[in-house]
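Notes to accompany the following structure.
Proteins get letters first, then strands, A, B, ... in listed order; numbering begins at 1 in each.
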Amino acid sequence: MLDMKLFRDNSEIIRRDHERRGISQEPINEVIRLDNEWKNSLHTMEASRRKRNIAAKEIAEAKKQGDQEKVNVILSQVKDLGLEIEQLDARAKELLLQRDNLRMSIPNILHDDVPSGDDEQGNTMKMLSGEKTDFSFLPKTHNELIESNQWVDLERGAKVTGSRFFFLKGDLARMELALQQFSIDHLTSRGFTLVQPPVMMNREAYEGVTDLSDFETVMYGVEPDKLYMIATSEHPLTAMFKDEVIEPSKLPIMMVGVSPCFRREVGAHGLSDRGIWRVHQFTKVEQIIICHPDDSWNHHEVLLENCRSLWDALDIHYQIVNICTGDMGTVAAKKYDLEAWLPGANAYKEIVSCSNCTDYQANRLKVRYRTPEGNAPVHTLNSTAVATSRALVAIIEQNQLEDGRVKIPEVLRSYMHGQEILEPCQW
RNA sequence: GCGGAGAUCGCAUAGUCUGGUAUUGCGCCGGCCUUGAAAGCCGGUGGUGUAAGCCUCGGGAGUUCGAAUCUCUCUCUCCGCGCCA
């Protein structure tokens with residue numbers, strides 16, 4: 001959510017941003033209109049409250065002096081004031097609610113470096129790392145590999161839970177844990193603190209970190225407790241500091257979160273989503289930084305560098321893309337994706353997303369830091385380190401052998417007792 | 001799940017019985033003093049608003065001219081009991 005001051009004093013900044021995104025400016029006008037109306041109605045109400053406060057003081061004074069007659073006179077004057085305030089207050093609250101519901105739908109201000117474009121076609125390539133493996137055979141897709149090795153059981157997942165849920169088995173399940181452990185070690189050695197968050201959140205905290213429409217399309221709800229399964233550990237780890245004022249000396253807060261992630265994936269279908277590329281539950285190791293606004297663009301590059309070194313260590317060929325205006329969501333001001341080369345699919349596909357959300361989440365959550373001039377919102381950043389299901393896809397496609405088995409990346413071998421090859425599961 | 005005690009400004013604390021508009025300490029900021037720092041002393045230090053003002057004692061509702069204070073309700077924390085990986 002954008003700061004209301006931006007609408008009042010510098011609305012041209014928001015307008016210019018909407019122009020770049022190619023979206024209607026009408027909601028901006030409406031927010032400003034509702035704000036003015038709210039301020040007016042607030043003033044009227046405050047005037048009435050002031051009357052009441054003055055009367056209350058006069059009554060207290062008169063009682064102290066034992067002047068019961070004066071008390072009665074004042075009482076008769078303010079008889080209807082209570083009802084009046086109540087009505088004015090209700091009106092003001094309604095206007096404020098309308099204003100902020102609309103304000104929440106207005107996206108963050110994009111960074112100047114964000115390229116223009118209508119959709120993912122407009123994303124620009126920032127860098128390339130590694131090379132495509134030169135296979136002496138026709139590389140298989142990941143779903144062929146997980147099936148022939150019996151590493152993933154989607155059918156029984158569907159039986160027990162539903163489609164796109166799965167059992168992960170044998171050596172691939174062991175490598176999944178190795179991947180988690182390796183990426184956590186990689187980040188804790190760079191100053192990040194490991195945090196395991198709750199995997200369910202209440203509605204109020206969740207509204208602080210996500211787009212409202214996500215409640216319909218992304219998150220699972222848990223009835224009757226009115227909780228939501230987290231779609232990523234970014235959500236609890238950012239909401240963790242809701243309503244808090246953080247001492248500047250405590251910044252930056254750098255966390256590596258690990259948790260299962262749950263996504264409804266409403267509307268996602270198609271051949272390219274077969275296998276475990278797009279599933280309802282996966283584990284993710286995530287980087288989170290909460291920092292001073294002056295530092296966030298540096299930290300954004302640090303997050304990307306951490307991903308690059310991690311995926312370089314795994315010896316995966318990938319490209320980094322700078323996400324364009326049309327492909328950007330509501331909360332990020334700038335976003336990089338890391339796309340791994342999938343030889344089976346013959347395409348680069350997203351395995352990491354690295355965003356600077358600037359003060360957009362902090363405003364809604366009221367996460368601030370102390371300054372001599374008052375409290376100001378912090379900046380929040382997040383980046384995938386490893387989303388295990390997609391990481392497994394990239395690794396097994398790039399490291400597959402002609403016999404269908406898979407070479408284990410060297411950095412993971414020490415986490416698997418020196419094992420070098422993923423063997424098929426026997427059932 | 002049952003019983004009891006609690007939640008007050010960044011932190012800690014007084015006020016709650018008996019309704020009259022939030023106390024004090026720490027931390028932080030500024031000033032004095034100092035070669036500099038510390039200590040000491042003085043002032044400031046919740047939100048919003050240009051301001052007057054309005055709001056703020058876990059959330060919501062109620063009683064009242066007026067609620068941190070009384071009533072109801074919800075949430076959370078602590079203690080004891082029960083159950084339990």
State, with a plain yes or no, whether a side-chain heavy atom of [X] is found less than 4.5 Å away from one of [Y].
X	Y	value
A/L42	A/M45	yes
A/R16	A/I109	no
A/V386	A/Q180	no

When only distance counts, do a donor and an acceptor, one from the side chain of A/K57 and one from the base of B/rG20, lie under 3.5 Å apart?
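No pair found.
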
Taking atom [atom1] in both [N] and [M], compute the distance separating them and give it to the nearest angstrom.
N	M	atom1	result
B/rC11	B/rU64	P	35 Å
B/rC26	B/rA38	P	16 Å
B/rC72	B/rU77	P	23 Å
B/rG59	B/rA51	C1'	32 Å
B/rG25	B/rC32	C1'	23 Å
B/rG80	B/rC9	P	27 Å
B/rG15	B/rC70	C1'	16 Å
B/rA22	B/rC29	P	27 Å

From the set B/rA52, B/rG49, B/rG20, return the single nucleotide nearest to any side-chain atom of A/H43.
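Closest nucleotide to the A/H43 side chain: B/rA52.
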
Partners passing ring-ring contact (aromatic ring centres under 6.0 Å, His included) against [X] (at least two apart in sequence or in another chain):
X	result
A/F165	A/H280
A/Y228	A/F215
A/Y360	none
A/Y369	A/H292

At 4.0 Å (heavy atoms only), tell me whether [X] reaches a base, stays on the sugar-phosphate, or touches nothing.
X	answer
A/R8	sugar-phosphate
A/L75	base
A/K39	nothing

Please give, in whole Å, the distance from [N] [atom2] to [X] [atom1]?
X	N	atom1	atom2	result
A/L42	B/rA52	CG	C1'	14 Å
A/D67	B/rC65	CG	C1'	15 Å
A/K63	B/rU21	NZ	C1'	15 Å
A/L81	B/rG66	CG	C1'	11 Å
A/I74	B/rG20	CD1	P	18 Å
A/K250	B/rC11	NZ	P	11 Å
A/N36	B/rG49	CG	C1'	14 Å
A/R368	B/rC28	CZ	C1'	16 Å

Could you check whether the rings of A/W297 and A/H300 sit parallel, tilted or perpendicular, using 30° and 60° as the cut-offs?
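Answer is perpendicular, since the angle exceeds 60°.
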
Verify whether one side chain among [X] and [Y] offers a donor that lies under 3.5 Å from an acceptor in the other.
X	Y	value
A/N108	A/T358	yes
A/R190	A/S309	yes
A/Q361	A/E234	yes

Could you spell out the base pairing of RNA chain B in dot-bracket, with Watson-Crick or G-U pairs whose two distances are under 3.5 Å, [ ] crossing and | to another strand?
((((((((.[[[..)....(...]]]((((((.......))))))(((....)))..[[[[[..)....]]]]])))))))....

Qualifying residues under salt bridge (charged side-chain N to carboxylate O under 4.0 Å, His left out), relative to [X], sequence neighbours excluded:
X	answer
A/E30	A/R33
A/R8	A/D35
A/R156	A/D153

Protein-nucleic acid N or O pairs under 3.5 Å, nucleotides 7-10 of chain B:
{"unit_1": "B/rG10", "atom_1": "O4'", "unit_2": "A/R370", "atom_2": "NH2", "d": "2.6"}

Enumerate, atom names and distances included, each donor-acceptor pair closer than 3.5 Å involving a side-chain atom of residues 321-332 of chain A, sequence neighbours excluded.
{"unit_1": "A/N322", "atom_1": "ND2", "unit_2": "A/D113", "atom_2": "O", "d": "3.2"}
{"unit_1": "A/T325", "atom_1": "OG1", "unit_2": "A/G117", "atom_2": "N", "d": "3.1"}
{"unit_1": "A/T325", "atom_1": "OG1", "unit_2": "A/G117", "atom_2": "O", "d": "3.0"}
{"unit_1": "A/D327", "atom_1": "OD2", "unit_2": "A/N123", "atom_2": "ND2", "d": "3.1"}
{"unit_1": "A/T330", "atom_1": "OG1", "unit_2": "A/D211", "atom_2": "OD2", "d": "2.5"}

Could you write out each protein N or O paired with an N or O of nucleotides 73-77 of chain B at a distance under 3.5 Å?
none

With A/E204 as reference, evaluate A/K366, A/R364, A/K242 under the salt bridge (Lys or Arg N to Asp or Glu O under 4.0 Å) test and give the passing residue.
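Of A/K366, A/R364, A/K242, salt bridge (Lys or Arg N to Asp or Glu O under 4.0 Å) with A/E204 is met by A/K242 alone.
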
For A/A55 and for A/W38, locate the closest nucleotide of RNA chain B by heavy-atom distance; then report the residue assigned to the nucleotide nearer the 5' terminus.
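Taking each residue's closest nucleotide, the earlier one in sequence belongs to A/W38.
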
Could you pull out the protein-nucleic contacts involving nucleotides 54-62 of chain B (nitrogen or oxygen on both sides, under 3.5 Å)?
{"unit_1": "B/rC54", "atom_1": "OP1", "unit_2": "A/N53", "atom_2": "ND2", "d": "3.2"}
{"unit_1": "B/rC54", "atom_1": "O2'", "unit_2": "A/E46", "atom_2": "OE2", "d": "3.4"}
{"unit_1": "B/rC55", "atom_1": "OP2", "unit_2": "A/N53", "atom_2": "ND2", "d": "3.0"}

